[in-house]
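For this chain, numbers begin at 1 and follow the sequence in order. Everything numeric here is computed off the predicted structure, so don't read it as measured data.
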Amino acid sequence: QNLRFEDKEKKLLKSMKFPNHFASKVEIRKVSLELMRPWVTKRITELLGVEDEIVVDYCITLLQEGLEGKELDPRRIQINLQGFMARKAPIF
């Protein structure tokens with residue numbers, strides 16, 4: 001099942017357009033996720049019109065993967081959040 005998801009994700013990565021700044025690397029270890037959480041919560045609430053703790057937690061989890069040694073790719077984060085935020089994911 002993971003292979004099918006990865007194939008779909010690769011197709012989306014190739015077919016979607018992303019901003020140029022998504023190519024910039026971010027040292028997530030230098031970022032305090034505790035300080036980012038209120039901003040993430042506020043921004044998601046603004047975009048969705050309601051506070052959705054599940055989406056906030058999911059977003060923070062995606063960011064925490066960078067702390068665990070996985071490469072943090074904003075394009076993948078956008079694709080993963082798109083299921084919850086639809087057209088508002090790129091704005092976020």
Side-chain angles (χ1 to χ4, degrees):
Q1 191 175 25
N2 284 343
L3 290 175
R4 280 189 268 165
F5 176 73
E6 287 177 19
D7 289 343
K8 288 180 182 180
E9 189 176 67
K10 286 179 185 177
K11 286 179 184 177
L12 283 172
L13 286 170
K14 288 180 183 178
S15 66
M16 292 177 68
K17 291 185 180 182
F18 298 96
N20 291 335
H21 62 271
F22 275 21
S24 302
K25 298 282 183 185
V26 174
E27 287 260 357
I28 193 69
R29 295 176 194 274
K30 294 182 180 180
V31 176
S32 172
L33 292 180
E34 292 174 20
L35 293 176
M36 276 189 66
R37 186 179 191 82
W39 180 85
V40 169
T41 302
K42 180 181 175 208
R43 188 68 175 137
I44 288 174
T45 301
E46 286 172 356
L47 293 171
L48 295 179
V50 293
E51 187 172 337
D52 192 331
E53 200 61 34
I54 293 171
V55 178
V56 171
D57 288 342
Y58 184 57
C59 181
I60 296 296
T61 300
L62 292 173
L63 294 171
Q64 285 174 334
E65 288 180 357
L67 295 173
E68 297 169 1
K70 295 181 181 178
E71 185 178 336
L72 193 61
D73 186 349
R75 300 172 306 157
R76 285 196 165 96
I77 292 174
Q78 179 179 323
I79 289 170
N80 288 326
L81 289 176
Q82 204 155 354
F84 298 100
M85 300 178 71
R87 294 183 181 153
K88 296 178 181 175
I91 298 168
F92 175 75

Peer 1: Listing request: all side-chain hydrogen bond (donor to acceptor under 3.5 Å, both in side chains) pairs with a residue in residues 41-50, at least two apart in sequence or in separate chains.
Peer 2: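 Residue pairs with at least one partner in residues 41-50: Arg43-Glu46.
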Peer 1: Strictly by salt bridge (charged side-chain N to carboxylate O under 4.0 Å, His left out), give each pair with a member in residues 47-56 just once, sequence neighbours left out.
Peer 2: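 For residues 47-56, and leaving out neighbouring residues, the salt bridge (charged side-chain N to carboxylate O under 4.0 Å, His left out) pairs sorted by first residue read Arg37-Glu53.
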Peer 1: If a pair satisfies salt bridge (charged side-chain N to carboxylate O under 4.0 Å, His left out) and one of its residues is in residues 74-83, list it, with sequence neighbours excluded.
Peer 2: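 Listed by first then second residue: Glu9-Arg76, Asp73-Arg75, Asp73-Arg76.
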Peer 1: How would you list all residue pairs meeting salt bridge (charged side-chain N to carboxylate O under 4.0 Å, His left out) that involve residues 80-92, not counting sequence neighbours?
Peer 2: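 Qualifying pairs, neighbours excluded: none.
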Peer 1: Keeping to residues at least two apart or across chains, list the ring-ring contact (aromatic ring centres under 6.0 Å, His included) pairs with something in residues 27-54.
Peer 2: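 Sorted result for residues 27-54: Trp39-Phe92.
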Peer 1: What's the spacing between Asp57 CG and Gln64 CD if we round to 0.5 Å?
Peer 2: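 Atom-to-atom, Asp57:CG and Gln64:CD are 9.0 Å apart.
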Peer 1: To the nearest 0.5 Å, how far apart are CD1 in Ile54 and CD1 in Ile44?
Peer 2: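 The CD1 atom of Ile44 is 11.5 Å from CD1 of Ile54, to the nearest 0.5 Å.
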Peer 1: What's the shortest heavy-atom distance between Met36 and Val31, and which atoms?
Peer 2: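 Minimum heavy-atom contact is SD-CG1, 3.2 Å.
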Peer 1: Quick one: pull up CG in Leu81 and CG in Leu47 and give me the separation to the nearest 0.5 Å.
Peer 2: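 Output value for this atom pair is 10.5 Å.
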Peer 1: With rounding to the nearest 0.5 Å, note down the distance linking CZ in Arg29 to CG in Leu72.
Peer 2: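 Between atom CZ of Arg29 and atom CG of Leu72 there are 11.0 Å.
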Peer 1: Find the distance between CZ (Phe22) and CD1 (Ile77) and round it off to the nearest 0.5 Å.
Peer 2: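 Result: 8.5 Å between the selected atoms.
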Peer 1: Any ring-ring contact (aromatic ring centres under 6.0 Å, His included) involving residues 40-75? Give me the pairs, sequence neighbours left out, ordered by first then second residue.
Peer 2: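 Those involving residues 40-75 are Tyr58-Phe84.
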